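Okay, structure first, notes after.
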Amino acid sequence: AMAAQQLCKYFPQGSCMYGDKCMYSHDLSAAKAGGPPDVGMPLDTRGGGRGRGVAPGGPHGPPFGRGGAKDGRHMQPGLFATPMVRPHMPDPAAQMHMGVHHMHGHHHGHGGHRGHHHHKKSTEQSYFVADDIKGELLARQLAIEAPPTQMDKPIQLDGYHSLHVLDTQPADASTFHSLVYKAFNSTTGAPVALRRIPGARLTDKKAMVCVEMWKKVAHPNVIPLVEVFTTRQFHDHSVVFASEYYPRSETLAARFLSSGSPIEESILWTIIIQLTAALRAVHAAGLACRAMDASKILVQQGAGGLRVLLSGTCVMDVLQYNPSQNPTTAMPMYQQEDLKNLARLLLLLGCGPAAQQASLQQSMAAISKAYSEDIFNFIRYLVAPVPPIKAVNDLMPIIGARFYTEIEGRMRHVERLESDLAKELHNGRLLRLAYKLIFVAGRPAAQDERLGPTGDLYLLTLFADYAFHPVNENGELVADMAHLVQCLNKLEIGTPERVCLMSEDEKNVIIVTYQDLQRCLGNAFGERMRLHHH
């Protein structure tokens, strides 16, 4: 009766959406006759379903405490057994400050959810990993889990299983014949690449010193070595080099030489920068690559660009180990061979397979016509007889500012990955909270005696429906990811902000704070876990 005597706050403005169903008076003449009107504010009860209420204030007004009756008792008769006195409503700016650190950093502009769902709709990409990154990661995972092919090979091999042939690489004048398998470590389950050298033997155990040195080489463009062992399970004497597995990678020869067309200069500079960076780390460790060949170097295309990887390292050090040779004199010679082989590789990539039959002068002439002067000078420095002793660091002035461009591109990709990683960090946190809420509130009412109109579980059931099944002003269900994320964020930190929940029959409306819902969820989940263990 008291509400019926109050003039609707929005009727004089022509903005009341309830019409004849409004609980407040629309009689302007009575208000004028009785003096200043006692203005009331309607409560939005149009959710049309259990828990589908709105935050206090409805679609056309501020939250409770910012208008309406001052005593907080202007609810419809029968909603509560006793009038509910509203606590002090904190400042909205303070609420936003409390919740902002727990939300996705780039979604602060959405603000609080107001039931009518007129805020900006967020896209899925705002909350999940970018499609190109996700697609590449899923493709790599599928490559890891690809079933092994049925070929003549052992099922188990010295602690590895599920062998799958990846590549059969013939030998040439400077490298070795090998077969590469994908396998899984029987102890850890991690995928590895096994490079088998058929018909080879480990003649001197002192060669394992080189293996230990290669294990210490850590560089993003050098595939880490895991172990080296011998086996006769292929019906011969074989030496196997186990290294980390890089899915969806292919050799330089397969990627760029199979088409027969010259490579783009920007890609060639990317290869140069990464290969020289790898050689710099290898030479600084007192080692030499000795596998600078298009059939041994891998490339992996990802969302961040092309990645070049040295593989087949340590093989020549083990197979051609000579205990009578002084390593201090042999290794510098091998390092100079690395630089010469780098020049041959660049000529092959720049000129195509024709470079194998052409002379050095013919290949350099083709390079000068197809590429910039810096590419020409880079290769010419490597093949020139002077100076006789060259170093990787001497190549840096020729690379110049392109090195900075490469670093900037990688850093941008790192920032993007960190941003997507932060999204997944938030998603994992919210998933755990959603699991707890569904675990507690998703139980049918008939299976729990405490699911009454005043119990904790009842509040959580209404809130779960409010968070997961929001409706618009027409009572239609909408898919609103921003609303769900904000509800779960506020629930996790327990903000004092209030939310209006409605029962399925629309006879009960309950206003509760997220802090109360957080306490209810903690108690209910703890009780469920205790019952489960007993």
Side-chain angles (χ1 to χ4, degrees), residues 51 54-55 90 92-115 117-141 302-304 410-442 459-460 462-470 477-499 501 512-522 524-526 528-529:
V54 294
Q95 294 180 26
M96 179 61 69
H97 179 71
M98 292 178 63
V100 70
H101 300 291
H102 295 266
M103 301 195 181
H104 295 278
H106 47 285
H107 304 306
H108 302 161
H110 289 305
H113 177 74
R114 294 301 177 207
H117 300 281
H118 282 308
H119 57 267
K120 295 181 179 179
K121 294 183 179 179
S122 59
T123 61
E124 286 192 1
Q125 191 169 348
S126 300
Y127 298 99
F128 301 106
V129 173
D131 291 339
D132 57 341
I133 296 178
K134 179 176 66 175
E136 179 61 29
L137 293 178
L138 290 177
R140 292 181 184 180
Q141 188 62 33
R410 297 297 167 178
M411 291 304 297
R412 284 194 298 268
H413 184 58
V414 168
E415 290 179 354
R416 188 182 179 203
L417 291 179
E418 289 181 347
S419 176
D420 282 349
L421 180 61
K423 296 176 188 177
E424 291 306 304
L425 177 65
H426 286 297
N427 291 340
R429 173 179 56 84
L430 295 179
L431 176 63
R432 291 191 294 269
L433 183 62
Y435 163 75
K436 293 174 65 175
L437 182 60
I438 296 174
F439 180 75
V440 171
L459 291 178
L460 294 173
L462 297 184
F463 176 75
D465 202 21
Y466 167 72
F468 288 94
H469 308 119
L477 287 172
V478 293
D480 194 335
M481 184 68 68
H483 167 61
L484 175 60
V485 169
Q486 290 176 355
C487 287
L488 294 178
N489 276 318
K490 294 174 184 178
L491 175 63
E492 183 183 40
I493 62 178
T495 68
E497 181 179 342
R498 289 174 294 170
V499 59
L501 305 177
V512 63
T513 66
Y514 283 95
Q515 188 174 11
D516 294 332
L517 290 171
Q518 183 193 53
R519 175 186 53 79
C520 293
L521 180 60
F525 185 77
R528 280 286 169 83
M529 295 304 294

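Throughout, numbering of the chain's residues begins at 1 and tracks the sequence. This one's a predicted model, so the numbers in the text were calculated from it and none came from an experiment.
The shortest heavy-atom contact between D132 and A303 is OD2-CB, 3.9 Å. Heavy-atom minimum distance, G304 versus R410: O-NH1, 3.5 Å. Taking both residues in full, the closest heavy atoms of A467 and L484 are given as O-CD1, 3.8 Å, listed atom of the first, atom of the second, then distance. Residue P496 comes nearest to T513 through the heavy atom pair O-CG2, 3.5 Å, listed as atom of the first residue, atom of the second, then distance.
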Would L417 and H413 satisfy side-chain contact (heavy atoms from CB on, under 4.5 Å), going step by step from the backbone distance to the final call?
CA-CA 6 Å; L417 291 179; H413 184 58; 3.5 Å; yes
Walk me through it: do D516 and R519 pass the test side-chain contact (heavy atoms from CB on, under 4.5 Å)?
CA-CA 5 Å; D516 294 332; R519 175 186 53 79; 4.3 Å; yes
For L501 and V499, what are the C-alpha separation, side-chain angles and deciding distance, and is it a side-chain contact (heavy atoms from CB on, under 4.5 Å)?
CA-CA 6 Å; L501 305 177; V499 59; 4.0 Å; yes
Dump the intermediate steps for side-chain contact (heavy atoms from CB on, under 4.5 Å) on R140 and E136, then the final yes or no.
CA-CA 6 Å; R140 292 181 184 180; E136 179 61 29; 2.9 Å; yes
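Interatomic distance, R432 CZ to E492 CD, rounded to the nearest 0.5 Å: 8.0 Å. To the nearest 0.5 angstrom, C520 atom SG is 11.5 Å from L437 atom CG. Within the model, atoms CG of L491 and NZ of K436 stand 8.5 Å from one another, a figure rounded to the nearest 0.5 Å. Rounding to the nearest 0.5 Å places CZ of F463 at 6.5 Å from CG of L488. Put simply, CG on L421 and NE2 on H426 are 10.0 Å apart, with the number rounded to the nearest 0.5 Å. E497 CD to L517 CG: the interatomic distance, rounded to the nearest 0.5 Å, is 11.0 Å.
Side-chain atoms of R498 do not come within 3.5 Å of backbone N or O of Y514 as any donor-acceptor pair.
For F468, there are no ring-ring contact (aromatic ring centres under 6.0 Å, His included) partners at least two apart in sequence or on another chain.
Between R528 and F439 the shortest side-chain heavy-atom distance falls below 4.5 Å. Inter-residue side-chain proximity for R429 and L433 is flagged as unmet; no heavy-atom pair is nearer than 4.5 Å. A heavy-atom distance below 4.5 Å is found between the side chains of K423 and D420.
Aromatic ring centroids of H483 and Y466 lie under 6.0 Å apart.
Inspection of the N489 and Q486 side chains reveals no N or O donor paired with an N or O acceptor under 3.5 Å.
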